[in-house]
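Worth knowing before you read on, the calculation uses all heavy atoms, side chains too, and leaves out hydrogens, waters and symmetry mates. Numbers here simply count residues along the sequence, with the first being 1.
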Amino acid sequence: MSSESPASIVRRPSTRLARGFDWLRGTPTGLVPLALAVGAGAGLGAVAFRYLIGWFTELFTGHSDYSAAGHAINPLVPWLGIFFVVLAPAVGGLVYGPIVQRFAREARGHGVPEVMLAVAERGGRIGPQVAAVKALASALCIGSGGSVGREGPIVQIGSALGSSLGQLVRLPERRLRLLVACGAAGGISATFNAPIAGVFFAMELILGDFGVESFGAVVLASVTSAVIGRAVFGDEPFLHLPAFHLTSPAEFGAYAVLGLLAAVVGVAFVKVLYGIEDLADKIWRGPEWLRPAVGGLLLGGVLLALPQLYGVGYPVLSGAIDGHYVLWFLLILLAGKMVATSLTIAVGGSGGVFAPSLFLGAMLGTAFGQLAHAGLPSIVGSAGAYGIVGMGAVFAATARAPITAVLIIFELTGDYSIILPLMTAVVLATALSKKLSRDTIYTLKLRRRGIDLLRGKPASPLESMPVSTAMRAMPPPIGVDAPLDAVLARLTDTNDAVVPVVDDAGRYRGVLTSRDAERAATDNALDDSAGRLAALPPALSGTQNLSSALDLLNEADEDGLPVLSDDGTRIVGWLTHRDVLTAYRQTVRSTAERARPDRPAIGGFRVVTLELTGPGPLPDSRIDQVDWPPNTRVMALRRDGHALPVTAGTTLACGDRLTVLVPPEHADTLTDLATKRTSA
């Protein structure tokens, strides 16, 4: 008979469960079941999402993929004729608009930036409701005609599943971010039947980390997801592309030119996308939940003219590469896809920009291939080969993910001979796009909300605080002809650590520190004057920000540095490391106390930078007249490169750059306030 007490028998299961959680949370092997589970969830989510898109497409159009149906009518509503396509996006928007607005606003848009933000700034935390809302909203949007891709939503769905599992077992942030990347990799892997590209998409774009532990977990998730995808959809790639042939080594020059053109098209796509979004923000005056429905009517008009742009459009992409379209129509499809995708996102649609960038690349590459082959038939091969390479090059130009771009096209074709020309075009497209534009199609969305992922860290308050706010006043100067005895007497009598030296006209000639005076006295240099003993350390400006001043202090290895007037003739202050730290501490403390008196520190707040680039409620308003989110405070204001005092009566203007302290839960509200247009 067992001697164990009833209490110990009851406690055993909970103890074993706790040990199991500790194993999952803290050991390398614990990542294996977690990665497998996330990969399986992402794979099943991708399968369900694709079926959901197909079901909604059938419901709205009566066809499995309306982009390949031409101007066919919907047999479910034959009395509308071809004009049903005008109403389909509006009806779809009327359904998913309120769902997104009510349950998960982060499900709006193309998805990947939200995942990048969650990994970079939120410790990998994504709300569990995001997966369901994103799946439903994106499927409705694409099924009703939204000219967007399914890859971005699947990435967000898989990432949300990974984050939810990680939060359930209470993983530390480092591992929670890793599970988010596992979900992203699984989504790409199952969608494209491309497990290698899925891995590098997650590592290159989401994590930005190629560590051994990270790589192993992401590979497990990607392979698991691919196995599930292949079990349902088969082992064939979702695109059937023509065989690739390199006709001549001289053809590399043509692929290089294509890479440069792809950069221009990729950057243009980004600018058109956000330009149309800004225009829609300026025009729209109604509630956000209604915006997709009203904007859907405009999208429907575009689809009425070009039904090939309905939904994702992979059949049209394949048709272009197979040579089914003439040159002028390829160019029309290229321009039309830019507008249709941008309009879908701008009106509040939910879908990705991965597939549209591939679509644009296929149209550009095939059109370029037709022209090049017509001009140099003995050197340039089939136009379809250029369409394949163009797909990777335009994606690389928009996302700056060259490794993913190369691998995704390689896995789609399975042809190693494409690698060299593909790498040539992709590298040139990436390099030129970086010269043409600082941001990618993903990071620009976040930077417009005050979040700069390319900088690698949130904005520091030191970057918006001028030196003039931290410097200390200088003691009265001493003349250049003053003897060492007078300098020693001044430093001794006043206990000053430094004294400025000026000439007869009062112009700055250097500084003398107590250390310099002590050294001169030790050397018995009693005949030396203040002018001969004065040093000229690097000087600061009162308008210079404290971040750059701190860098200069560190480089100069000085106890402090002088602050000069704008013309450099007068010394107006002195700055030390202690002054910088004191100013920072005081700013943070006063900001936190004013924003939320019961909080003793800055923890729980975010520093957001807002640039007032257009008309809205902020320009021409006084700071105390703006309807700021709760517990928000404007910390700094710069105009034309100069810091201005922040007071309740300060009037804002276009071009101002604000540094604002805001609780994270109100960051989106603050961004909406900055980008909202007035109705005047």
Side-chain angles (χ1 to χ4, degrees), residues 461-584 586-587 636-647 650 657:
L462 294 179
E463 295 184 1
S464 57
M465 297 170 63
V467 168
S468 58
T469 63
M471 67 183 186
R472 64 181 65 181
M474 290 295 291
I478 195 168
V480 291
D481 297 327
L484 178 59
D485 282 346
V487 174
L488 292 173
R490 166 67 70 81
L491 293 172
T492 303
D493 294 342
T494 62
N495 290 323
D496 291 324
V498 61
V499 61
V501 179
V502 298
D503 61 16
D504 294 339
R507 290 188 294 267
Y508 169 72
R509 287 294 180 260
V511 293
L512 261 172
T513 65
S514 57
R515 185 173 55 183
D516 294 332
E518 180 183 354
R519 186 182 301 115
T522 302
D523 295 339
N524 201 27
L526 298 178
D527 294 333
D528 283 345
S529 64
R532 294 182 60 185
L533 295 173
L536 281 171
L540 303 172
S541 165
T543 58
Q544 188 174 353
N545 68 63
L546 286 180
S547 179
S548 62
L550 189 58
D551 291 339
L552 198 56
L553 278 167
N554 293 331
E555 292 174 5
D557 193 24
E558 298 281 353
D559 294 332
L561 292 177
V563 183
L564 302 185
S565 59
D566 291 340
D567 58 8
T569 62
R570 294 180 298 106
I571 185 167
V572 296
W574 185 257
L575 187 75
T576 67
H577 290 84
R578 180 182 293 274
D579 297 328
V580 175
L581 295 177
T582 300
Y584 177 82
Q586 289 175 346
T587 300
L637 167 62
R638 292 187 70 83
R639 182 175 298 164
D640 298 327
H642 299 289
L644 298 180
V646 178
T647 65
T650 301
R657 190 170 184 266

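Residues Ser468 and Ser541 are not in side-chain contact: their nearest non-hydrogen atoms beyond the backbone lie 4.5 Å or more apart. The closest side-chain heavy-atom distance from Val511 to Pro537 is below 4.5 Å. With contacts defined as side-chain heavy-atom distances shorter than 4.5 Å, the pair Met474/Val572 does not qualify.
Interatomic distance, CE of Met471 versus CG of Leu546, reported as 11.0 Å (0.5 Å rounding). Here Leu540 contributes atom CG and Leu550 contributes atom CG; the two are 10.5 Å apart, rounded to the nearest 0.5 Å. To the nearest 0.5 Å, atoms CZ (Arg509) and CG (Asp504) are separated by 10.0 Å.
Taking all atoms of both residues into account, the shortest heavy-atom contact from Pro538 to Leu561 is O-CD2, 3.3 Å. Nearest heavy atoms, Val563 versus Trp574: CG2-N, 4.2 Å.
A donor-acceptor contact under 3.5 angstrom links the side chains of Thr576 and Asp579, judged on distance only.
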